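This report concerns only the one structure given below.
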Amino acid sequence: MSERSEADTVAFTVENRIAWVKFNRPEKRNCMSPKLNRRMKEVLEELEFRDDVGVLVLTGEGEAWSAGMDLREYFRETEAQGLHAIRKSQREAYSWWERLRWYEKPTIAMINGWCFGGGYGPLFSCDIAVASEDAQFGLSEINWGILPGGGASKVAVDLMPLRKALYHAMMGENLTGKQAEAQGLITEAVPADRLHARVLEIAEALLKKDGHALRATKWAVRRMTEMTFDNAEDYLIRAQEALHSYGGVATRKEATRQFLDEKSYKPGLGVFDTSKVKG
């Protein structure tokens, strides 16, 4: 196959308020090249504030999610151009991972196959991560003489117990989806033939919830990972006040009305009808 154009390195469709975004270099196991990184940032920014998008799913075309950074295009060819080119390529990758980490909408990683090295960046950036049980996760950098950079080591330490993270990074052995779930790297693993259906189920559940509250919740949980208890408590008070300022008052009043007056739902067992929120 001839070289893909930059526009063709990422594919997406929007169906029923779900944006299905795909790494689209299946011939390269969806390795991230500078072209793909530039295009992914454009796609994410295009979809972020669209009214017809309520949830974003990131997956891979073919048999891989993403096998990490493209060794030829991201490393060898960039390094040959000098430090300025290296820094530019790093910014192009890290900037869309950051944008995804603080995305306005809920995000789901649908890991359909290989997830290696640099792939841990966007994996961590997604709010929920569901993988097929036979997916493969790996920090193989140690096997070719480097350390897991680009945030990959930080992702392992943040999501996994320290002993597991150390073993994972030092041994260069792969984890299956089921092992990745057991060690905290992903949310859950399901049989491959159930992957799409499970992700769709989660996405549809998220679409029924208030978008402002979802955004405030996901940002709060991420912020609190580096806070003391007292700082987190104070942050949550301010975050709740901010939520009320962005349409949250009407939402909260309607949810309370349905619970107390209509008795049409119970917060611990379901979600209120957001279509009745006015203003």
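Because only heavy atoms are used, hydrogens play no part in the values below, and waters and symmetry mates are left out as well, while side chains stay in. What you are looking at is a predicted structure, and each value in this text was computed from that prediction instead of being measured.
Salt bridge E45/K41: present, at least one basic N to carboxylate O contact under 4.0 Å. Salt bridge E204/K208: absent, no basic N to carboxylate O contact under 4.0 Å. The pair E61-R25 does not count as a salt bridge, with every side-chain nitrogen at least 4.0 angstrom from each carboxylate oxygen. Between K178 and E181, none of the side-chain N atoms (NZ, or NE/NH1/NH2) sits under 4.0 Å from a carboxylate O, so this pair counts as no salt bridge.
With hydrogens and angles ignored, the 3.5 Å screen pairs no side-chain donor or acceptor of K154 with any backbone N or O of G121. Of the possible donor and acceptor atoms, one in the side chain of T176 sits under 3.5 Å from a partner among the backbone N and O of Q179. At distances below 3.5 Å, at least one donor-acceptor pair connects side-chain atoms of R222 with backbone N or O atoms of S125. Using a distance-only test at 3.5 Å, with no hydrogens or angles considered, a donor-acceptor pair links the side chain of N143 to the main chain of G172. One N or O on the side chain of K105 and one on the backbone of V53 form a donor-acceptor pair closer than 3.5 Å. In this structure, S153 contributes its side chain and P148 its backbone to a donor-acceptor pair below 3.5 Å. Between the side chain of N174 and the backbone N or O of G138 there is no donor-acceptor pair closer than 3.5 Å. In this structure a side-chain-to-backbone donor-acceptor pair under 3.5 Å is missing from N37 to E92. With N112 contributing its side chain and G62 its backbone, the two residues share a donor-acceptor pair below 3.5 Å.
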Go through the steps for D127 and T107 under the test side-chain hydrogen bond (donor to acceptor under 3.5 Å, both in side chains), then give the verdict. CA-CA 5 Å; D127 304 319; T107 57; 3.2 Å; yes
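Taking a 6.0 Å sphere around CZ of R163, one finds it holds 12 or fewer heavy atoms contributed by other residues, nucleotides or ligands. No more than 12 heavy atoms of other residues, nucleotides or ligands shown are found within 6.0 angstrom of CD on E226.
Distance OG1/T9 to NZ/K28: 13.5 Å, rounded to 0.5 Å. To the nearest 0.5 Å, atom CG of residue L47 and atom CD of residue E42 are 11.5 Å apart. One finds the CG atom of L56 at 6.5 Å from the CG atom of L44 (value rounded to the nearest 0.5 Å). How far NZ of K35 is from OG of S5: 7.5 Å, rounded to the nearest 0.5 Å. The CE atom of M32 lies 14.5 Å from the CZ atom of R38; values are rounded to the nearest 0.5 Å. The distance from the CG atom of D134 to the CD atom of E63 is 10.0 Å, given to the nearest 0.5 Å.
With contacts defined as side-chain heavy-atom distances shorter than 4.5 Å, the pair Q183/L185 does not qualify. Contact check for R215 versus Y103: no side-chain heavy atoms found under the 4.5 Å cut-off. For the pair Y235 and M227, the minimum side-chain heavy-atom distance is below 4.5 Å. The side-chain heavy atoms of W96 and R101, taken from C-beta on, include no pair separated by under 4.5 Å. Using a 4.5 Å heavy-atom cutoff, the side chains of F23 and V10 are not in contact. The shortest distance between side-chain heavy atoms of L206 and E201 does not fall below 4.5 Å. Two residues are said to be in side-chain contact when any heavy atoms from C-beta on lie closer than 4.5 Å; I237 and E241 meet this criterion. D158 has its side chain out of reach of T225: every pair of non-hydrogen atoms, C-beta onward, lies at least 4.5 Å apart.
Cluster membership for L166 and I142, using ILVMFWY side-chain heavy atoms within less than 4.5 angstrom, is not shared. Hydrophobic clustering (side-chain heavy atoms under 4.5 Å, transitive across Ile, Leu, Val, Met, Phe, Trp, Tyr) keeps F137 apart from W114. The cluster map of Ile, Leu, Val, Met, Phe, Trp and Tyr, joined by side-chain heavy atoms under 4.5 Å apart, puts M160 and M170 in different clusters. Note: the hydrophobic cluster containing V190 also contains V199 (ILVMFWY, side chain heavy atoms under 4.5 Å, direct or indirect links).
Taking all atoms of both residues into account, the shortest heavy-atom contact from G177 to I186 is O-CD1, 3.5 Å. Contact between A203 and I18 at its shortest, heavy atoms only, is CB-CD1, 3.7 Å. Here the closest heavy-atom approach between residue S132 and residue A192 is recorded as CB-CA, 3.8 Å. In this structure, A109 and L123 approach most closely via the heavy-atom pair CB-CD1, 4.5 Å. Between L58 and W65, the closest heavy-atom pair is O-NE1, 3.0 Å. I111 approaches A129 most closely through the heavy-atom pair CD1-CB, 4.0 Å.
Shown are L100, N24, V21; of these, the side-chain contact (heavy atoms from CB on, under 4.5 Å) with M40 is made only by V21. Of the residues listed (L195, V130, L200, I128), the one engaging M110 in a side-chain contact (heavy atoms from CB on, under 4.5 Å) is L195, and it is the only one.
For the pair R29 and F116, the cation-pi test (distance below 6.0 Å, angle within 45°) is failed.
Note: H168 and Y120 have parallel aromatic rings, judged against thresholds of 30 and 60 degrees for the angle between ring planes. Ring planes of W219 and W102: perpendicular class, angle over 60° (limits at 30 and 60°).
Between the side chains of T228 and N231, at least one donor-acceptor pair of N or O atoms lies under 3.5 Å.
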